[in-house]
Student: 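Sharing a structure here in structure tokens format.
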Amino acid sequence: MGVMAGAPCEISGENEGPEEEAGAASGPLGGVQEAAEVVDTDSDSDLEMEGAPEQGTCHLGDLVRVPLYLGPHRAFSIVPASCFQRQGSASELTLRHRGLGPQGAQILASVLSSSPHIKRLDLRDNGLCAAGAEALVGALSKSSCICDVDLSENQLGAAGVQALCAALMANPAVRKLQLAGNDLEEQAARYLAELLLVHTSLQSLDLSYNELSDGAGETLGPALAENSGLIELNMSWNHLRGPGAVAFARGLESNIFLKVLDISYNGFGDPGASAMGEVLKANNVLEELNMSNNRISAVGALGLGLGLRVNQTLRILIDSQVSREFDDLAKAVKVILPGLCVKTGVRRVEYKKELLPVFRASLPSSASN
């Protein structure tokens, strides 16, 4: 069972009986190990596999799923210690959509420290919240092996990101970090900017589907200008518009490392598009740029196109929104840049359908059809 809906980040300590106290007394894994002994092994419901496991990957579905009851109304599916004993030298631990919550993160962190083989940790959609992130930072700050971390859709917020960034700045091992859909706003951008300035080993960062707006763009832009390691950045489905979009773009002019950038669905507008055009004149490192669905008219397309005439190594994705002027410009640029990819009404694959109504209100009518 997952965390109870309506209060996903709260943990109740009420009505804990002697059984819970005994479990706590035997250490962080004691309660889990005891629960494992009383699991009904005749039931196949918890042992179903979603397909053959990949070699070198440990999935919860491969093992006994143990419900650890923390109260009369709540239960968490916790990974037993045997998971780490059985996985041996598996390099990937995938526990998506398991409802671990902050309490599960605490137990998970206690055994991650003794699992030196794990390189990729995937905890997407587990309701970890800030408390769960804080529980994991000890293991992440000390591990020299974990290099790929996915904490998307965990309601981390600014407090969770602050704790996470502090841990990663102390440990340069992590190369790829995914934080999509975590309710990140301007305050979180400050911690992320500090991370970009210090953690030069970070190569891939996914901040899509958050609430990073103009203030965040003005904060992240200068940090990107000084960053000396990031190769891939996903900022799609945020709110970078107006001054924030311009500041963000200007930060890329002197960045000589970033090769792949996704800023689609942000509402960059014509000022942001023109600023990106100036970036393309000075920066010949970018190889892939997605600027689709950004409210770009013929004016912004012209500014962007002027940059494309200078930078002839870039593959760019733009939505023309049936603009005659843009089509003419794209054809002219395509003669010079054969690799140019122009998006003309092909539907983008939705990341989360439930988020579409939120963003459709801010998109042009042609983009929301």
Student: Could you tell me which non-hydrogen atom of A273 sits nearest to which non-hydrogen atom of G300, and how far apart they are?
Tutor: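 Looking at all heavy atoms of both residues, the shortest contact is CB-O, 3.6 Å.
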
Student: Report yes or no: do V137 and M169 belong to one cluster of Ile/Leu/Val/Met/Phe/Trp/Tyr joined by side chain heavy-atom distances under 4.5 Å?
Tutor: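 No; M169 is not reachable from V137 via cluster members.
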
Student: May I ask you to check whether W237 and Y265 show a side-chain donor-acceptor distance below 3.5 Å?
Tutor: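 Note: W237 and Y265 side chains miss the donor-acceptor criterion.
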
Student: Has D214 got a side-chain atom pairing as donor or acceptor with A216's backbone, closer than 3.5 angstrom?
Tutor: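 Here the side-chain-to-backbone pair does not exist.
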
Student: Salt-bridge test for D125 and R96: reply yes if a basic N is under 4.0 Å from a carboxylate O, no otherwise.
Tutor: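 Here D125 does not pair with R96 in a salt bridge, since their nearest N and O are not under 4.0 Å apart.
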
Student: Do L108 and L93 have side chains that get closer than 4.5 Å, going by heavy atoms?
Tutor: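 When only atoms from C-beta onward are counted, L93 and L108 do touch, with a gap below 4.5 Å.
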
Student: Over all heavy atoms of both residues, which pair between P116 and C145 is shortest? Give the atoms and the distance, please.
Tutor: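 Taking every non-hydrogen atom into account, O-SG, 3.2 Å.
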
Student: Please check if M291 and F248 belong to a single hydrophobic cluster, counting links between Ile, Leu, Val, Met, Phe, Trp and Tyr side chain heavy atoms closer than 4.5 Å.
Tutor: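 Both belong to a single hydrophobic cluster.
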
Student: Closest approach of L128 and P102, non-hydrogen atoms and distance?
Tutor: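 What the structure gives for the nearest pair is O-CG, 3.3 Å.
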
Student: Are F268 and I263 close enough, and set up right, to give a side-chain contact (heavy atoms from CB on, under 4.5 Å), and what steps lead you there?
Tutor: CA-CA 8 Å; F268 252 56; I263 48 177; 3.7 Å; yes

Student: Determine, stepwise, if the pair L140 / I146 fulfils side-chain contact (heavy atoms from CB on, under 4.5 Å).
Tutor: CA-CA 7 Å; L140 292 176; I146 299 177; 4.1 Å; yes

Student: Look at atom NZ of K281 and say whether more than 12 heavy atoms of other residues, nucleotides or ligands are closer to it than 6.0 Å.
Tutor: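 Enclosed.
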
Student: Can you check side-chain contact (heavy atoms from CB on, under 4.5 Å) on H199 and V174, steps first, answer last?
Tutor: CA-CA 9 Å; H199 193 345; V174 175; 4.2 Å; yes

Student: Is it the case that the side chain of S114 and the backbone of V111 share a donor-acceptor pair, with hydrogens and angles ignored and the cut-off at 3.5 Å?
Tutor: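 Present.
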
Student: Let me confirm one number: the CG-OG distance from N234 to S208, rounded to the nearest 0.5 Å.
Tutor: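 If we round to the nearest 0.5 Å, N234:CG and S208:OG are 4.5 Å apart.
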
Student: Treating N126 as the side-chain partner and L100 as the backbone partner, does any N or O pair qualify as donor plus acceptor under 3.5 Å?
Tutor: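 Such a contact is found between N126 side chain and L100 backbone.
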
Student: Using side chain to side chain donor-acceptor pair (under 3.5 Å), reason through E211 and S213 one step at a time and then give a plain yes or no.
Tutor: CA-CA 6 Å; E211 300 173 20; S213 55; over 6 Å; no

Student: Membership question, hydrophobic clusters at under 4.5 Å side-chain separation (ILVMFWY): are L121 and L202 in the same one?
Tutor: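 Same hydrophobic cluster.
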
Student: Write down the atom of M276, the atom of A249, and the distance for their closest heavy-atom approach.
Tutor: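 Closest heavy-atom pair between M276 and A249: SD-CB, 3.6 Å.
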
Student: Under 4.5 Å between side-chain heavy atoms, counting indirect links through other Ile/Leu/Val/Met/Phe/Trp/Tyr residues: same cluster for L212 and V246 or not?
Tutor: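 Unlinked, L212 and V246 end up in two clusters.
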
Student: Between L240 and M235, is there a side-chain heavy-atom distance shorter than 4.5 Å?
Tutor: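 The answer is yes, as the side chains (C-beta and beyond) meet within the 4.5 Å cut-off.
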
Student: For the pair R250 and E253, find out whether any cationic side-chain nitrogen is under 4.0 Å from an anionic carboxylate oxygen.
Tutor: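 No.
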
Student: For S152, does its backbone N or O pair with a side-chain atom of N154 as donor and acceptor, under 3.5 Å?
Tutor: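 Yes, N154 side chain to S152 backbone: donor-acceptor pair under 3.5 Å.
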
Student: When you compare the side chains of S297 and D270, does any donor N or O come within less than 3.5 Å of an acceptor on the partner?
Tutor: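 Yes, a side-chain donor-acceptor pair sits under 3.5 Å.
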
Student: Enter the distance from S204:OG to D148:CG here, rounded to the nearest 0.5 Å.
Tutor: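 Rounded to the nearest 0.5 Å, the OG-CG separation comes to 8.0 Å.
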
Student: Which heavy-atom pair separates C165 from Y191 by the least distance, and what is that distance?
Tutor: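 Closest heavy-atom pair between C165 and Y191: SG-O, 3.6 Å.
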
Student: Do L164 and L179 touch side chain to side chain, with heavy atoms closer than 4.5 Å?
Tutor: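 L164 vs L179: side chains touch.
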
Student: Is N210 reaching over with its side chain to a backbone N or O of N238, donor-acceptor style, under 3.5 angstrom?
Tutor: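 Not at all, since once roles are kept as given, no pair shorter than 3.5 Å links the two residues.
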
Student: To the nearest 0.5 Å, what is the distance between NZ (K142) and CG (L112)?
Tutor: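 Reported to 0.5 Å precision, the distance equals 12.5 Å.
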
Student: If only atom types and distance count, is the side chain of N283 paired as donor or acceptor with the main-chain N or O of N255 below 3.5 Å?
Tutor: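 Looks like yes, one N/O pair under 3.5 Å.
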
Student: Would the distance check show the side chain of D262 and the main-chain N or O of S264 forming a donor-acceptor pair, the cut-off being under 3.5 Å?
Tutor: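 A pair under 3.5 Å: yes.
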
Student: Quick one about Q203 and S201 (side-chain donor to acceptor, distance below 3.5 Å, no hydrogens or angles considered), yes or no?
Tutor: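 No pair is found: no donor N or O on one side chain lies under 3.5 Å from an acceptor on the other.
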
Student: Roughly how far, to the nearest 0.5 Å, is the CG atom of L184 from the CG atom of L192?
Tutor: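 Spacing of CG (L192) from CG (L184) equals 6.5 Å.
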
Student: Can you tell me how far apart CG (L258) and CG (L289) are? Round to the nearest 0.5 Å.
Tutor: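 So the CG of L258 and the CG of L289 are separated by 9.5 Å.
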
Student: Show the nearest heavy-atom pair for residues E92 and T94, with the distance to one decimal.
Tutor: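 Residues E92 and T94, closest heavy atoms: OE2-OG1, 2.9 Å.
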
Student: Kindly indicate whether the side chain of N182, heavy atoms from C-beta on, has any atom under 4.5 Å from the side chain of L207.
Tutor: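 Counting from C-beta outward, N182 and L207 never come under 4.5 Å.
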
Student: Is D150 reaching over with its side chain to a backbone N or O of L123, donor-acceptor style, under 3.5 angstrom?
Tutor: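 A pair under 3.5 Å: no.
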
Student: Using a cut-off of 6.0 Å, state whether more than 12 heavy atoms not belonging to E288 lie near its atom CD.
Tutor: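 Atom CD in E288 is crowded, with more than 12 foreign heavy atoms closer than 6.0 Å.
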
Student: Are L224 and V198 linked, directly or through intermediate hydrophobic residues, by side-chain heavy-atom contacts shorter than 4.5 Å (ILVMFWY only)?
Tutor: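 Shared cluster, yes.
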
Student: So, D183 side chain and G157 main chain: donor-acceptor pair closer than 3.5 Å or not?
Tutor: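 Checked: no pair found.
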
Student: Please check if the side chain of N227 supplies one atom and the backbone of L196 the other of a donor-acceptor pair under 3.5 Å.
Tutor: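 Present.
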
Student: Could you check whether any side-chain heavy atom of L233 comes within less than 4.5 Å of a side-chain heavy atom of V260, counting everything from C-beta outward?
Tutor: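 No, side chains not in contact.
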
Student: Just how far is it from atom CZ of R175 to atom CG of L205, taken to the nearest 0.5 Å?
Tutor: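 Separation between the atoms: 14.5 Å.
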
Student: With the threshold set at 4.0 Å, does a side-chain nitrogen-carboxylate oxygen contact exist between D206 and K176?
Tutor: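 Salt bridge absent between D206 and K176.
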
Student: Which is it for S228 and T200 under the side-chain contact (heavy atoms from CB on, under 4.5 Å) test, yes or no, and what are the steps along the way?
Tutor: CA-CA 6 Å; S228 58; T200 57; 3.3 Å; yes

